[in-house]
Each structure stands twice: as C-alpha cells, then as structure tokens.
Engineer: 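Below are the structure tokens for one structure; questions will follow.
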Amino acid sequence: MTTTLFLSAFTSATILPGTSEAALAAFVASGDFAVWLLVAVATLGNVLGSCVNWGLGLYIDHFRDRRWFPVSPAALDRASRWFSRYGMWSLLLAWLPIIGDPLTLFAGVMRIRFLPFIILVTLGKAARYAMIAGGTGWIASLWG
C-alpha cells in the first residue's frame, strides 16, 4: 500500500498527474499505518520526483533554440529574472500546486547546487505532508 502512496507522490512532483495529498489523507484516515511512515514515504516520493525535474532542468536549456521547445524565450527570461530575484529560498515553496514543479525544473536550469536544492525542497514538502496528515488525523478523530 505504501508503494501506491510513493508512486502517487513521485508522479505528483513531475509533469505527470498525481494525487498524493488525497492518497496520503486516505491512508492516514484508514488508521492502518503509522502516520510518520506515511509522511516519510510521501515526502521521499515527492522529493525524488522533484529531483527528476531538477535533473531535466540541467539539460533542457541545451534545447532552448529548438523549434519544438515548449517555453518561449520571453517566458524563460521572465522565469530567470523571477528566480534570480527570489533565489534558491523560493524552493521552500516547491510544494505549491502549479508553480512547484516548474520551480524545481528551473532550479536545474539555474544550476542550483544539489545539496541546497534537496534540503530546501525536502523541508517544504515534508512540512506540507505533515500538515495534511495532522489535519486528516484530527478530522478523523472528530468523526470517531
């Protein structure tokens, strides 16, 4: 069962669709697993998915001049300015929907070192999953 949570969290951190929050909440509500283990599994899967994005970002810039490249030069420049302005600390927000996945990809494009990347992304994502698990546990205890 935790494999399902891991895969959901992993795909949620990539461009593939995933529902890691719902999966985590369902496992917590079931009461069949230790909450700390579920948070750890979800965090690990989601951070590893973000590492894939970071790795892709390291190499995607080589293709910026290709016709099929999915991001316009203007959009890439805007993202570069934004990331330069807020810096690597913005990686604490990698857990956010919509902007989190591109943020981890762009961290690779900007050549953010792996150790600070992994620390900041892990902190943000672990905090999110801990809050989801805690909230779900609290709600489940109310329903008894």
Side-chain angles (χ1 to χ4, degrees), residues 1-140:
M1 289 297 196
T2 55
T3 303
T4 303
L5 178 60
F6 177 87
L7 291 174
S8 178
F10 181 86
T11 59
S12 292
T14 65
I15 59 171
L16 300 171
T19 57
S20 63
E21 293 86 357
L24 176 63
F27 283 119
V28 169
S30 77
D32 294 336
F33 301 93
V35 173
W36 69 267
L37 176 63
L38 295 172
V39 169
V41 168
T43 300
L44 178 64
N46 210 243
V47 169
L48 288 177
S50 293
C51 290
V52 169
N53 292 345
W54 178 83
L56 289 172
L58 289 176
Y59 298 102
I60 200 167
D61 197 43
H62 298 290
F63 302 106
R64 122 186 330 210
D65 298 327
R66 302 288 170 92
R67 187 177 189 158
W68 53 264
F69 194 73
V71 181
S72 72
L76 203 53
D77 288 340
R78 272 193 314 274
S80 178
R81 284 193 307 276
W82 185 90
F83 199 87
S84 294
R85 180 178 182 186
Y86 296 105
M88 73 176 172
W89 295 104
S90 63
L91 291 170
L92 288 169
L93 302 176
W95 60 271
L96 286 170
I98 300 171
I99 69 163
D101 300 343
L103 188 59
T104 58
L105 180 86
F106 206 71
V109 171
M110 296 298 291
R111 304 287 193 258
I112 298 297
R113 290 187 339 252
F114 188 69
L115 186 60
F117 170 84
I118 200 85
I119 290 169
L120 293 171
V121 169
T122 300
L123 286 173
K125 290 179 182 257
R128 172 195 56 187
Y129 284 125
M131 289 193 307
I132 291 168
T136 302
W138 179 72
I139 290 170

Engineer: From C51 SG over to F117 CZ, what is the distance, rounded to the nearest 0.5 angstrom?
Structural biologist: 5.0 Å

Engineer: Closest heavy-atom contact between V39 and A133?
Structural biologist: CG2-CB, 3.6 Å

Engineer: Go through I60 and L56 one step at a time and tell me if the side-chain contact (heavy atoms from CB on, under 4.5 Å) criterion holds.
Structural biologist: CA-CA 6 Å; I60 200 167; L56 289 172; 5.5 Å; no

Engineer: Evaluate the side-chain contact (heavy atoms from CB on, under 4.5 Å) criterion for residues T2 and F27: first the C-alpha distance (whole Å), next the side-chain angles of each, then the deciding distance (0.1 Å), finally the verdict.
Structural biologist: CA-CA 9 Å; T2 55; F27 283 119; over 6 Å; no

Engineer: For a 4.5 angstrom cut-off between non-hydrogen side-chain atoms, does I118 reach W54?
Structural biologist: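 Sidechains of W54 and I118: no contact.
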
Engineer: Kindly indicate whether the side chain of M88, heavy atoms from C-beta on, has any atom under 4.5 Å from the side chain of R113.
Structural biologist: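 Not in contact.
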
Engineer: Under the side-chain contact (heavy atoms from CB on, under 4.5 Å) rule, what do L5 and L38 come out as? Steps first, then yes or no, please.
Structural biologist: CA-CA 8 Å; L5 178 60; L38 295 172; 3.8 Å; yes

Engineer: Show me the donor-acceptor pairs, under 3.5 Å and distance only, between side chains in residues 92-105 and residues at least two apart or in other chains.
Structural biologist:
residue: W95; atom: NE1; partner: L92; partner atom: O; Å: 3.3
residue: T104; atom: OG1; partner: N53; partner atom: ND2; Å: 3.0
residue: T104; atom: OG1; partner: D101; partner atom: O; Å: 2.8

Engineer: Let me confirm one number: the OG-NZ distance from S20 to K125, rounded to the nearest 0.5 Å.
Structural biologist: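 The distance works out to 8.0 Å.
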
Engineer: If only atom types and distance count, is the side chain of T11 paired as donor or acceptor with the main-chain N or O of L7 below 3.5 Å?
Structural biologist: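 Pair found, side chain donor or acceptor close to backbone of L7.
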
Engineer: Throw together a table of side-chain donor-acceptor distances under 3.5 angstrom for residues 75-85, partners on residues two or more places apart or in other chains.
Structural biologist:
residue: S84; atom: OG; partner: S80; partner atom: O; Å: 2.9

Engineer: Specify the closest pair of heavy atoms between A42 and Y129, including all atoms of both residues, with the distance to one decimal.
Structural biologist: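 Closest heavy-atom pair between A42 and Y129: O-CE1, 3.5 Å.
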
Engineer: Would you give the length of the straight line joining atom CZ of F6 to atom CG of N46, rounded to the nearest 0.5 angstrom?
Structural biologist: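 The CZ atom of F6 sits 10.0 Å away from the CG atom of N46.
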
Engineer: If you take all heavy atoms of L91 and A107, which pair is closest and at what distance?
Structural biologist: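 In this case the closest contact between L91 and A107 is CD2-CB, 3.8 Å.
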
Engineer: Would you compute the distance between atom CZ of F10 and atom OG of S50 and round it to the nearest 0.5 angstrom?
Structural biologist: 9.5 Å

